[in-house]
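Along the sequence shown, residues are numbered consecutively beginning with 1. In what follows, every heavy atom counts, from backbone to side chain, and hydrogens, waters and symmetry copies are set aside.
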Amino acid sequence: MIDNDLYGGFMISKNVYRGVPVRYSFREESSIPQLNGWNLLSEQDDDEYIQNPDNFMIINAQSLSEIAPQLLEFFEAPYGTDLFWLYEKGVHIGYYDLKTEREVTVEEILSAKE
């Protein structure tokens with residue numbers, strides 16, 4: 001069982017919630033203390049979709065673990081983390097760091113500096 005109080009809320013697109021694979025995740029400092037700064041977008045979220053706040057929702061860590069448990073592996077990554085999720089034949093295979101412009105491991109994500 002996951003202690004939701006240890007994580008705070010995750011902002012996700014409703015497409016992610018509906019099961020569309022995560023394509024992009026980033027962490028930014030939140031002005032709302034209950035949010036941890038993690039944001040997830042799906043592979044279907046275009047600019048128009050993203051501009052509508054009604055297309056987003058906040059979920060807890062338990063719900064996230066059912067949708068995208070991989071994120072909990074690097075939850076402690078610093079603010080400014082900016083990742084593109086890689087897939088091969090529909091299977092998640094890793095991450096591409098948009099700041100360093102290269103594929104990275106979970107260990108590299110966690111050791112990155114802000």
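Taking every heavy atom of both residues into account, Ala112 and Pro78 meet most closely at O-CG, 3.2 Å. Nearest heavy atom pair, residue Ala77 against residue Leu110, reads N-CD2, 3.8 Å.
Tested against Trp38, the residues Phe74, Tyr79, Phe10 include a single ring-ring contact (aromatic ring centres under 6.0 Å, His included) partner, Phe74.
Under the rule for a salt bridge (charged side-chain N to carboxylate O under 4.0 Å, His left out), the partners of Arg23 that lie at least two apart in sequence or sit in another chain are Glu43. Listed by chain and number, the residues in a side chain to side chain contact (heavy atoms under 4.5 Å, CB included) with Asp46 are Glu48, Tyr49 (sequence neighbours excluded). Glu108 pairs by the salt bridge (charged side-chain N to carboxylate O under 4.0 Å, His left out) definition with Arg102, not counting sequence neighbours. Remark: Asp3 engages Asp5, Leu6 in a side chain to side chain contact (heavy atoms under 4.5 Å, CB included) (not counting sequence neighbours). With sequence neighbours left out, the side chain to side chain donor-acceptor pair (under 3.5 Å) criterion links Asn15 to Arg18, Asp45. With sequence neighbours excluded, no residue satisfies side chain to side chain donor-acceptor pair (under 3.5 Å) with Asn55. Evaluation of the side chain to side chain contact (heavy atoms under 4.5 Å, CB included) rule for Leu35 yields Met11, Ser30, Ile32, Ile58 as partners, not counting sequence neighbours. With sequence neighbours excluded, the residues forming a ring-ring contact (aromatic ring centres under 6.0 Å, His included) with Tyr24 are Phe26, listed by chain and number.
Side-chain N or O atoms of Asp82 include none that pairs as donor or acceptor with a backbone N or O of Lys99 at under 3.5 Å. Formation of a donor-acceptor pair under 3.5 Å by the Asp97 side chain with backbone atoms of Ile109 is not found in this model.
By the 6.0 Å contact criterion, CZ on Phe75 is enclosed, its count of non-hydrogen atoms from other residues, nucleotides or ligands being greater than 12.
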Please report the C-alpha distance between Leu40 and Leu64 in whole Å, then the side-chain angles of each, then the deciding distance to 0.1 Å, and finally whether the side-chain contact (heavy atoms from CB on, under 4.5 Å) criterion is met.
-> CA-CA 10 Å; Leu40 284 82; Leu64 181 78; 4.1 Å; yes

Kindly determine whether Asn60 and Tyr7 satisfy side-chain contact (heavy atoms from CB on, under 4.5 Å), including the steps that lead there.
-> CA-CA 8 Å; Asn60 63 26; Tyr7 292 95; over 6 Å; no

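The salt bridge (Lys or Arg N to Asp or Glu O under 4.0 Å) pairs that include a residue from residues 7-17 number zero, where partners must be two or more places apart or lie in different chains. Under the side-chain hydrogen bond (donor to acceptor under 3.5 Å, both in side chains) criterion, the residue pairs touching residues 85-96 are Ser25-Trp85, with sequence neighbours excluded.
Side-chain heavy atoms closer than 4.5 Å link hydrophobic residues (I, L, V, M, F, W, Y) into clusters, and following such links, possibly through other members, connects Ile50 to Leu98. Under the 4.5 Å side-chain heavy-atom criterion for grouping Ile, Leu, Val, Met, Phe, Trp and Tyr, Phe56 is not connected to Tyr17 through any hydrophobic cluster.
Considering CG of Asn4 and CD of Gln62, their distance stands at 6.0 Å, rounded to 0.5 Å. Atom CD1 of residue Ile12 and atom OG of residue Ser42 lie 10.0 Å apart, to the nearest 0.5 angstrom. To the nearest 0.5 angstrom, Asn52 atom CG is 13.0 Å from Asp47 atom CG.
Looking only at side-chain heavy atoms (C-beta outward), Val22 and Leu71 stay at 4.5 Å or farther from each other.
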